[in-house]
Amino acid sequence: MKKLMSGNAAAGEAAVLAGCTCYFGYPITPQNELTEYMAKRVPEAGGIFIQSESEIAAINMVLGASVAGARAMTSSSGPGISLKQEGISYLAADELPAVILNMVRGGPGMGNISPAQSDYLQATRGGGHGDYRTIVLAPSSVQEIADLMPLAFDLAEKYKNPVVVLGDGMLGQMMEPVEFDHIRKPKSAAKDYILTGAKGRPSRMVRSLIFDVKEQEEHNWKLSRKFQRIEQNEVRYETYLLDDAELAIVAYGTAARIAKGAIARLRQEGLKVGLIRPITLWPFPSKIIQETSKTIHDFFVFEMSAGQLIEDVRLSLEGKGRVHFYGRPGGVIPTPVELFRIISRHYYQAQREKKS
Amino acid sequence: MKKLMSGNAAAGEAAVLAGCTCYFGYPITPQNELTEYMAKRVPEAGGIFIQSESEIAAINMVLGASVAGARAMTSSSGPGISLKQEGISYLAADELPAVILNMVRGGPGMGNISPAQSDYLQATRGGGHGDYRTIVLAPSSVQEIADLMPLAFDLAEKYKNPVVVLGDGMLGQMMEPVEFDHIRKPKSAAKDYILTGAKGRPSRMVRSLIFDVKEQEEHNWKLSRKFQRIEQNEVRYETYLLDDAELAIVAYGTAARIAKGAIARLRQEGLKVGLIRPITLWPFPSKIIQETSKTIHDFFVFEMSAGQLIEDVRLSLEGKGRVHFYGRPGGVIPTPVELFRIISRHYYQAQREKKS
Amino acid sequence: MKKVYSRPKSLKPAHFHYCPGCGHAIVNRLLAEVIDEMNLRDSIICVAPAGCGMLLYNYFDIDCLESAHGRGAAVATGIKRVRPDNLVVSYQGDGDLAAIGTAESFHAANRGENITIIFVNNGVYGMTGGQMAPTTILDQVTTTTPAGRVSGQAGYPVRMCEVLAVLDGTSYLERVAVHKPAAIKATKKALAKAFRHQMNKTGFSMVEILSPCPTNWKMDPLRACRWVEEVMSKQFPIGVVKEVQC
Amino acid sequence: MKKVYSRPKSLKPAHFHYCPGCGHAIVNRLLAEVIDEMNLRDSIICVAPAGCGMLLYNYFDIDCLESAHGRGAAVATGIKRVRPDNLVVSYQGDGDLAAIGTAESFHAANRGENITIIFVNNGVYGMTGGQMAPTTILDQVTTTTPAGRVSGQAGYPVRMCEVLAVLDGTSYLERVAVHKPAAIKATKKALAKAFRHQMNKTGFSMVEILSPCPTNWKMDPLRACRWVEEVMSKQFPIGVVKEVQC
Amino acid sequence: MKGYIEIDQERCKGCSFCIEYCPKKAIVLTDKLNLKGYYVAAYQEGNGCTGCAVCAVICPEVAIEVYRGGTT
Amino acid sequence: MKGYIEIDQERCKGCSFCIEYCPKKAIVLTDKLNLKGYYVAAYQEGNGCTGCAVCAVICPEVAIEVYRGGTT
Amino acid sequence: MGYTLATAAMLEGKHVTYFPSYGVEVRGGTANCTVAISDEEIASPVASDPEFVVAMNQPSFARFQSILQSGGLIFVNSSIVDVSSARGDIEIVAVPTSELAERIGTIKVANMIMLGAFVRLSNIISYDFMIKNLTDILGEGKAKLIKLNKEALEMGYNYVKE
Amino acid sequence: MGYTLATAAMLEGKHVTYFPSYGVEVRGGTANCTVAISDEEIASPVASDPEFVVAMNQPSFARFQSILQSGGLIFVNSSIVDVSSARGDIEIVAVPTSELAERIGTIKVANMIMLGAFVRLSNIISYDFMIKNLTDILGEGKAKLIKLNKEALEMGYNYVKE
Ligand SMILES: Cc1ncc(C[n+]2csc(CCOP(=O)(O)OP(=O)(O)O)c2C)c(N)n1
Ligand SMILES: Cc1ncc(C[n+]2csc(CCOP(=O)(O)OP(=O)(O)O)c2C)c(N)n1
Ligand code: SF4
Ligand code: SF4
Ligand code: SF4
Ligand code: SF4
Ligand code: SF4
Ligand code: SF4
Ligand SMILES: [Mg+2]
Ligand SMILES: [Mg+2]
């Protein structure tokens with residue numbers, strides 16, 4: 001049965017239903033509703049909620065809970081996520097599962113509390129130190145938040161790697177009808193890497209200090225083989241009205257839903273525009289973009305930042321096809337109408353150039 | 001007159017000679033010699049040295065000193081740099097000059113203390129939140145460290161932006177002959193943005209909270225116009241034996257010097273191999289790589305990581321030319337001989353393919 | 001007739017954004033009065049926090065820096081070391097100073113930095129909507145302690161003055177309040193005294209101010225003031241906690 | 001003849017990496033003896049720091065996690081909340097616990113987490129080559145205080161037990177040392193007592209251990225022990241600082 | 001009259017601190033909404049305001065200015 | 001003899017704590033270097049070791065094992 | 001009121017988004033929210049030019065009449081809102097909700113009264129459906145107040161009959 | 001000793017790098033360093049297969065004889081190092097530096113003695129140049145010890161004469 005819920009609350013509810021028993025977080029707008037939801041919901045469900053003294057403490061509590069075998073998560077926004085980078089690097093190095101939710105706001109610095117997509121590079125390139133990647137999931141509706149949270153925990157445990165869910169202030173605070181009936185608790189598979197006290201088995205150590213450079217290098221290659229597996233198996237995306245399209249918008253999250261609004265109008269006017277919506281920002285859906293470039297020449301990157309997603313689109317295209325860009329950083333929520341105007345301009349121009 | 005000095009000490013001496021009056025840092029190998037050098041040297045020179053309680057405190061002390069008008073710096077490695085990301089984002093947002101030195105070590109996580117280049121993406125993509133960039137300088141010898149530190153401070157003040165100097169454990173700890181005679185104190189230009197007490201002038205505020213999204217967006221575009229100016233004016237690189245080359249190595253820092261060693265051997269055997277060495281990692285020298293791709297088809301990316309620099313090379317080439325890769329993460333210091341072997345293999349293969 | 005009370009000169013005309021009955025507003029005004037009376041407008045550099053106090057740079061005609069959340073003591077350290085002759089003041093809330101900023105506050109105090117912290121203790125995270133703060137009282141209901149703060153889960157209210165008093169670098173620590181006229185007058189005196197300590201380089205000074213947050217306490221302004229009197233000041237005793245020779 | 005002292009079973013055969021006369025080595029051995037005698041091998045989960053103590057997971061046949069520098073108390077909190085029946089111990093140095101880890105240590109203590117911290121206070125950053133620690137004594141020369149620690153610049157040595165004693169969440173805080181046989185025996189007792197406190201869920205327990213670092217003190221091992229006796233224990237008085245009913 | 005006050009009603013947020021603490025009950029809360037949407041306080045002539053300034057001391061919004069005394 | 005000890009000289013790092021504290025002076029520092037490069041301590045027969053184990057209590061390297069007593 | 005409207009629309013099977021006023025980090029000021037109701041997917045929950053505006057107090061009226069699309073409807077609580085300053089190209093629906101509410105006996109239902117009026121004139125959602133499913137719409141919490149709320153809805157609905 | 005050698009080479013105008021042993025974060029173990037001296041730029045300061053090794057104690061001998069290139073020279077402090085386990089394809093220069101040093105009266109100069117021997121047999125740098133510029137090489141600090149050090153250098157130099 002559907003409920004009208006904010007993205008923040010839905011994320012929390014979905015996490016709990018997916019077996020998340022530990023939430024550690026520190027308040028920051030625009031994700032406070034999640035922390036507050038968990039303060040009530042997690043203890044009800046018999047789990048652990050701690051409002052930590054800082055974001056750094058939170059990510060390290062997550063690490064502790066994870067190494068103890070629990071499904072644990074934290075959430076924050078902009079500045080708070082920057083503070084977690086060391087901890088995320090440790091989680092990746094220790095090969096521990098964890099889910100980190102970032103309801104992105106305008107930045108850099110203090111910025112503001114309005115929705116933005118300017119933490120894309122941080123999330124996809126590993127804002128922390130060393131060779132590692134985090135899986136990055138980008139929902140574009142409250143329902144999709146509820147759908148991706150369980151997936152986030154599953155992937156985190158499957159690959160023993162931190163997973164970032166990248167939302168924004170709008171997705172976090174807006175309410176939409178959402179239902180959770182499909183979410184199942186995970187069948188508890190015994191984890192052979194966690195610390196439980198060494199009773200009846202050899203003792204274990206979880207660490208990322210590897211003085212021997214050869215060993216460390218082997219560890220790095222082991223990780224990067226894992227990342228390659230993830231790139232092969234876990235790419236997710238949505239395509240929308242691509243078949244007959246002459247221009248493909250590439251956008252994720254909130255920007256993608258605005259793009260759909262624009263496409264509706266564009267189609268009314270007979271402009272053949274489609275959409276590629278990455279759902280995993282890392283691994284990035286390069287293949288579909290390459291595929292598409294065989295039939296479509298113009299790619300229109302639309303994001304709520306000064307230009308970050310565009311790097312991955314250019315890396316995917318490698319010169320095949322023309323990349324257009326429209327960005328609105330700083331917490332501005334662009335309207336479908338404005339996007340419609342911009343795109344039609346680019347569209348006709350592209351047509352003219354084809355002619356000549 | 002030349003002195004035999006470690007890269008860490010040389011960085012400190014050059015900074016002091018370039019007018020750096022404030023050093024705030026927290027110990028971490030492999031950059032401790034710098035902190036220790038500054039503990040003695042800065043007070044001697046009448047400046048301020050504080051061993052802060054943490055890397056976070058250090059970067060924020062730097063921000064305070066910078067807003068008060070001083071040339072200030074901090075240094076760290078891997079995990080410590082991750083912890084500074086929030087502060088660096090604030091420096092960029094507040095448009096304050098600062099120099100951050102990262103003597104990179106093996107990672108992720110605790111990793112080890114051996115030289116690595118695995119913080120490239122963090123440094124060049126802004127590991128912090130929001131739309132910003134930091135200028136990134138990559139020396140490849142102790143002398144070049146001494147040459148780039150003054151430049152780092154000049155660029156930081158010229159563009160009112162944090163500058164990262166990206167070294168590694170080897171550059172930090174090895175000793176080489178170095179001289180400082182060319183370094184001049186900056187002619188103190190009055191700064192109209194610093195806080196000195198509002199005596200005899202309107203009061204000033206330095207802040208990055210901008211609730212009005214339109215204003216925040218304008219601030220973001222202002223910053224990105226600045227970043228474009230930097231991309232136009234501040235690209236620095238070295239080319240080595242490119243003219244007749246049939247294969248171009250792309251490598252920076254320590255990897256670049258090892259590459260030169262390999263090239264010497266390769267040239268002896270008559271293999272026409274040259275080098276493009278980015279000195280600014282951001283702004284990245286894309287132009288010269290594009291130029292080169294007109295005459296050279298094979299680019300060999302060599303870095304002491306699992307593959308980070310390669311992204312910028314691919315972005316520069318946009319499909320023109322073939323990208324080869326050899327990476328050694330984890331603190332391994334590859335030898336010229338080993339690189340020589342790998343490259344000759346790729347070289348001959350490329351030749352054969354051309355034939356056929 | 002003579003004007004016996006008029007708006008402090010160091011305040012800009014801007015209207016405060018604070019909620020009705022907010023202690024921050026009173027503290028802002030007192031700070032402005034002290035700046036006027038001690039002629040500090042030209043020498044003071046103020047560090048604003050992340051918190052409801054953050055917009056003070058919109059209200060004060062003085063040099064202001066906005067700090068990252070919790071780092072006020074660290075940036076103030078950087079400023080003061082570079083400009084020892086300026087009066088450097090860091091204005092911070094309880095979450096800012098005693099949660100995320102614990103280490104920075106603690107070590108600036110331990111170094112005996114010649115800075116003054118104005119510590120507005122309202123027992124909650126005001127700006128973010130009323131979550132628990134380190135200073136939240138046991139059983140107090142907040143948005144993150146819906147059943148009241150339970151020590152076993154969420155710990156105990158922290159008395160920062162008493163903690164920092166253990167450190168040799170602190171020179172003046174007093175706890176005051178702004179819930180009634182008498183307390184307000186005492187608060188103003190404490191601010192002036194703290195500034196004198198800084199001018200005499202006696203070390204780290206802090207004035208902790210118990211301050212109503214009617215909005216997040218879900219009380220009308222007058223009830224909030226009564227709560228400060230009857231409940232909060234029991235947990236956080238008013239008075240000088242530490243003072244060295246000035 | 002009967003063997004009256006043999007190597008603790010909970011120690012692996014590996015040789016210690018510690019320098020000659022290092023207090024860490026003695027603390028490691030005492031911890032192993034207590035683990036054996038209290039039969040904790042199956043239930044203990046130990047958190048190793050960044051610091052010279054970090055490699056203890058190479059020496060102990062128990063479950064160990066390596067923490068990021070300073071975050072021991074936070075990760076231990078995460079572990080203990082998930083596994084309340086395990087004995088969770090965080091082993092930390094003075095830089096780790098009292099500098100970068102200040103906030104995590106402070107708030108774990110204030111929450112009254114049922115964890116035990118073994119706090120090895122050797123007055124310097126050992127692992128990174130002897131820089132100043134928060135616990136470095138005034139005038140003590142380190143690589144970052146070449147002229148000795150000067151309070152005006154670098155602050156004062158921090159007495160962590162006394163600071164944490166102010167917090168209501170702490171249940172047992174004792175300062176001991178490992179520079180002579182008698183002190184070593186007392187240290188062993190203190191560790192056992194702290195573990196009993198944790199088992200009885202009385203709250204946060206910490207044993208601060210004054211520990212020689214001959215290498216960075218630039219002293220031979222015996223002189224280092226004398227320095228603990230004559231200088232260090234004056235600044236950091238030995239004894240129980242706080243204990244609640246167990 | 002000994003004194004009087006002026007209230008900047010656009011600054012007033014109706015917290016009624018001044019009303020509570022005025023020894024002369026010379027301030028009242030009105031049902032007038034200002035632009036911010038608050039019911040504002042108003043000075044009450046003739047209750048014998050002494051110009052003691054207690055109201056100004058407690059007013060969070062610095063909305064009150066106080067006048068006192070005879071011919072100075 | 002009341003007791004005796006065995007020193008694992010490859011563990012010993014020559015800190016000489018045991019030598020300092022042995023009430024019977026039954027341990028001496030030798031000029032023998034072990035593989036780690038330390039001059040190691042050695043047990044001295046016939047100084048009347050009592051098996052008091054003080055040496056073991058202070059040995060940082062857990063290099064000493066102690067034996068004591070008659071026929072138990 | 002916005003939440004109730006959105007819930008009603010949801011239960012009626014429409015696409016709906018509810019967007020609260022931003023500014024948890026800004027104190028003071030008045031609250032507001034945006035409700036989007038449609039038969040297709042909703043691209044953006046923020047409205048640059050809404051068809052309808054409901055203003056329960058003066059500041060909201062001042063702020064939001066300006067973004068209303070011309071020809072749009074603005075519902076105002078005429079008990080406390082002075083509409084003299086209104087734009088010419090918009091239609092004003094004045095409902096003295098405060099007074100009406102006092103008649104029922106509690107100011108709390110002012111919103112429901114306005115909602116009743118809104119539902120009638122906007123006809124985005126069905127009034128009958130709303131009345132029928134009021135319990136689900138308001139949720140267990142308010143169950144006991146059903147009668148009261150129904151009364152309020154009707155009052156508003158009827159007030160704008162003619 | 002490595003530092004002195006590197007300084008000498010630098011003053012002689014050669015390219016030189018000095019790389020200290022890693023492991024500030026690992027306690028115990030013995031110190032070591034790598035010196036590269038060349039007429040061209042030096043690519044890497046680490047030596048995978050050095051031409052010369054100097055081992056002042058047993059552990060260093062054990063560890064570094066293995067990486068010495070075959071035909072290479074290994075200088076050992078024969079006073080304390082047992083070379084019985086040496087590889088067959090390398091040449092051993094045994095200098096009883098400890099004993100020699102004691103003759104001069106201080107163990108401190110053992111390194112200088114070894115350096116004298118090294119300079120002679122390696123002939124990478126000029127002995128005469130070194131003697132001439134000893135003050136600059138050692139730096140003000142050690143100025144007063146010049147005589148002593150010179151003596152030590154000579155002793156080592158002559159010890160390996162034949
Ligand atoms: C790193 C970081 N984390 C969190 C926040 C969000 N935030 C802003 S203010 C604040 C706390 C405000 O509480 P307090 O310090 O008590 O000040 P008050 O508003 O109560 O006066 C928080 C958590 C932030 N801006 N930056
Ligand atoms: C974030 C971070 N900063 C710095 C370091 C480097 N580091 C490792 S251990 C250590 C301090 C060691 O001192 P202490 O905690 O006193 O332990 P000790 O070695 O003295 O026992 C430091 C600064 C690190 N590993 N991570
Ligand atoms: S929320 Fe509380 S602290 Fe913040 S302005 Fe309102 S009353 Fe003041
Ligand atoms: S450096 Fe000090 S603390 Fe570290 S192992 Fe050596 S003696 Fe022990
Ligand atoms: S000045 Fe005194 S008497 Fe007059 S209104 Fe204010 S409080 Fe009342
Ligand atoms: S105290 Fe100030 S704000 Fe409060 S009611 Fe009186 S005048 Fe208005
Ligand atoms: S057991 Fe006692 S007597 Fe025997 S060697 Fe050890 S310390 Fe000396
Ligand atoms: S105490 Fe242990 S390590 Fe030290 S000398 Fe004696 S045996 Fe050797
Ligand atoms: Mg507060
Ligand atoms: Mg220490």
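Between chain C and the residues B:Ala72, B:Ala57, B:Ser66, B:Gly69, the largest count of heavy-atom pairs under 4.5 Å involves B:Ala57. Per-residue counts of heavy-atom pairs under 4.5 Å with chain C were compared for B:Ser89, B:Ala65, B:Ser52, B:Ala198; the largest is that of B:Ala198. Counting heavy-atom pairs under 4.5 Å between each of C:Ser43, C:Ala68, C:Ala108 and chain B puts C:Ala68 at the top.
With a threshold of 4.5 angstrom between heavy atoms, B:Thr21 does not approach chain C through any atom at all. Using a 4.5 Å cut-off between heavy atoms, B:Ile59 makes no contact with chain C at all. Using a 4.5 Å cut-off between heavy atoms, C:Lys80 makes no contact with chain B at all. Using a 4.5 Å cut-off between heavy atoms, B:Thr196 touches chain C through backbone and side chain atoms alike. Proximity to chain C (any heavy atom under 4.5 Å) is shown, for B:Leu195, by both the backbone and the side chain.
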Evaluation steps, side chain to side chain contact (heavy atoms under 4.5 Å, CB included), between C:Asp63 and B:Val206: CA-CA 8 Å; C:Asp63 277 8; B:Val206 175; over 6 Å; no
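Taking both residues in full, the closest heavy atoms of C:Glu104 and B:Ser54 are given as OE2-OG, 4.2 Å, listed atom of the first, atom of the second, then distance.
The backbone N or O of B:Ala68 sits less than 3.5 Å from a side-chain atom of C:Arg83, completing a donor-acceptor pair.
Distance check: B:Gln51 CD to C:His107 NE2 gives 10.5 Å after rounding to the nearest 0.5 Å.
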